[in-house]
Amino acid sequence: MSDEFELLIVGGGPAGFSAARAYRDAGGAGAVAIVADERRMPYQRPPLTKELLRGESSEDELPLEEEQWLSSQRVGLVSGRAVRLDPDERAVALSGGRVLHYGTCVLTTGAEPTRLPIPGADDPAVRVIRALDDVRELLTRLRDGGHVVVIGSGFIGCEIAASLRYRGNPVTLVSDEPAPNQVRLGPAPAQQLRRWLEEDGVNAHFGQQVESIDRDGAMLEVRAGETRARTELVIMATGVSPRSELPACAGLSLDDGAVPADSAMRTPLERVLAAGDVCAAENAAAGRRLRVEHWGDALGQGEVAGTTAAGREASWSDVPGFWSTIGRRTLKYAAWGDGFDELHLQRGSNGGFAAWYGRDGRVVGVLAHEDDDAYERGRELIKEGAPWDW
């Protein structure tokens, strides 16, 4: 394989894969390569904390395409970790010393889990889940019926806790929030998520700041206020940070740690685009820059980046959103993601509901469970900037 590429994509997640596919779909004919430090085909990540962790799906169901897709689309897969970006030379250096040159580079390096800055956070038995190897390692440590402590009550933390309960493992969840996702969703929807966790048998302790994780022989003790939880295994689900060290070291000023990009996914660095969790991109419909950490938006931004790289016009204007499955219950959420000052909750039959969010007199978000019509209508209203009339 030559080390000269018309399109070089750094990162093998959904945004990178989508960029390569969109580049070809838009007529891009140059040499393409994806640099992937996981050394495997790009794959679906949402099942990691749900179906795969529950044992209801297998690893061979994860890839976004069969390996033959690479040859049919003339896309190279370079196994390695990028350690340096040189925009002047249009080059990316890998950890083994190999240097790749590009006409256009797309940064899709994603984000990595953060760990609380507390004693014991780096103990080998304190795990995170972001990649397939994380689930593999977790499952080798997970005993049948073994107790697990989950730290964090964001959507990932709730998914992990509920999935482990479905496996039959006792779970203690510790969070500094008063209820799951309360800042993002508001008190009433957050309390609904709390009830779901309780119904699934999760022993949840909210409003508790984790202070330390102390090892005592084969056991760990999680200390959080008055809470003491002894366990062999801790999973930390306390957020992620953009993997933006490449452009930062190349001299780019970051936007709160993320790579700034316009709605076509162009960054201030010449011939360098960005997409997915690593970037904060201008959304044409919102009229401002947004940073999102959602699977579907990574695919959408990657599609825009690939189309732009092929020389065609494209713009990111989708309303950010995602689906989350907590146990057997699916939530669908769409919002601009920068807050709300109004909340209206509509309850339906069979436990379904729709929460509507407003800001400055406009509809800015919707959360739905068992109400697909509200979710689809909500996305339209958000994008239109429809007036708040509840």
Side-chain angles (χ1 to χ4, degrees), residues 5 7-24 32-52 59 61-67 69-70 73 75-83 85 92 94-95 100 104-114 128-136 155-156 159 237 239-247 257-259 261 265 267 272-281 291-309 316 318 320-324:
F5 303 97
L7 179 63
L8 182 64
I9 300 163
V10 182
F17 171 79
S18 183
R21 181 168 57 188
Y23 176 78
R24 288 290 186 235
V32 178
I34 300 172
V35 178
D37 57 4
E38 288 194 65
R39 297 169 175 81
R40 59 172 56 90
M41 282 291 292
Y43 60 90
Q44 304 174 68
R45 296 185 190 270
L48 298 182
T49 54
K50 299 189 278 287
E51 296 90 348
L52 188 67
E59 292 184 12
E61 299 175 64
L62 293 178
L64 289 166
E65 288 283 358
E66 299 292 335
E67 293 178 356
W69 181 88
L70 296 171
Q73 296 297 309
V75 174
L77 186 63
V78 178
S79 295
R81 180 169 59 89
V83 294
L85 169 68
V92 171
L94 306 185
S95 58
L100 311 177
T104 299
C105 177
V106 182
L107 298 174
T108 61
T109 45
E112 60 184 347
T114 57
V128 298
I129 296 182
R130 181 68 176 179
L132 177 56
D133 284 343
D134 295 327
V135 178
R136 289 173 171 171
F155 285 106
I156 296 299
E159 290 176 0
V240 298
S241 296
R243 294 181 58 187
S244 52
E245 59 274 12
L246 285 177
V259 178
M265 300 295 123
T267 77
V272 176
L273 312 178
D277 292 4
V278 73
C279 78
R291 179 169 177 259
V292 295
E293 300 167 359
H294 311 326
W295 172 265
D297 293 299
L299 290 171
Q301 289 182 356
E303 182 178 352
V304 172
T307 304
T308 298
W316 181 50
D318 293 338
F322 62 92
W323 297 7
S324 177

K.L.:
Please determine, by modelled atom types, if Glu159 and Ser324 share a side-chain donor-acceptor pair under 3.5 angstrom.
P.N.:
yes
K.L.:
Kindly write out the residues that satisfy ring-ring contact (aromatic ring centres under 6.0 Å, His included) with Tyr43, not counting sequence neighbours, or none if the list is empty.
P.N.:
none
K.L.:
Without swapping roles, check the side chain of Glu38 against the backbone of Ser79 for a donor-acceptor pair under 3.5 Å.
P.N.:
no
K.L.:
Under 3.5 Å, side chain of Thr267 to main-chain N/O of Ala274, donor-acceptor pair present?
P.N.:
no
K.L.:
Would you compute the distance between atom CD of Gln44 and atom CG of Leu64 and round it to the nearest 0.5 angstrom?
P.N.:
6.0 Å
K.L.:
Please check if the side chain of Thr108 supplies one atom and the backbone of Ala275 the other of a donor-acceptor pair under 3.5 Å.
P.N.:
no
K.L.:
ring-ring contact (aromatic ring centres under 6.0 Å, His included), that's the test. Do Phe17 and Trp69 meet it? Break it down for me.
P.N.:
CA-CA 11 Å; Phe17 171 79; Trp69 181 88; 4.8 Å; yes
K.L.:
When you compare the side chain of Leu62 with that of Leu48, does any pair of heavy atoms fall below 4.5 Å?
P.N.:
yes
K.L.:
Kindly determine whether Val78 and Leu100 satisfy side chain to side chain contact (heavy atoms under 4.5 Å, CB included), including the steps that lead there.
P.N.:
CA-CA 10 Å; Val78 178; Leu100 311 177; 4.3 Å; yes
K.L.:
Please give me the minimum heavy-atom distance between Ala280 and Arg291, naming the atom from each residue.
P.N.:
CB-CB, 4.0 Å
K.L.:
Could you label the plane-to-plane angle of the His294 and Phe322 rings as parallel, tilted or perpendicular, counting under 30° as parallel and over 60° as perpendicular?
P.N.:
tilted
K.L.:
Begin with the C-alpha distance, continue with both residues' side-chain angles, and end with the deciding distance and a verdict on side chain to side chain contact (heavy atoms under 4.5 Å, CB included) for Arg24 and Val32.
P.N.:
CA-CA 9 Å; Arg24 288 290 186 235; Val32 178; 3.6 Å; yes
K.L.:
Look only at the side chain of Asp297 and the backbone of Gly321, and say whether a donor-acceptor pair between them is shorter than 3.5 Å.
P.N.:
yes
K.L.:
Check this for me: does any side-chain nitrogen of one of Glu65 and Arg40 sit under 4.0 Å from a carboxylate oxygen of the other?
P.N.:
no
K.L.:
Does the distance from a Lys or Arg side-chain N to an Asp or Glu carboxylate O, for Arg130 and Asp277, drop under 4.0 Å?
P.N.:
yes
K.L.:
Looking at Glu303 and Arg21, does any basic side-chain N land under 4.0 Å from a carboxylate oxygen?
P.N.:
no
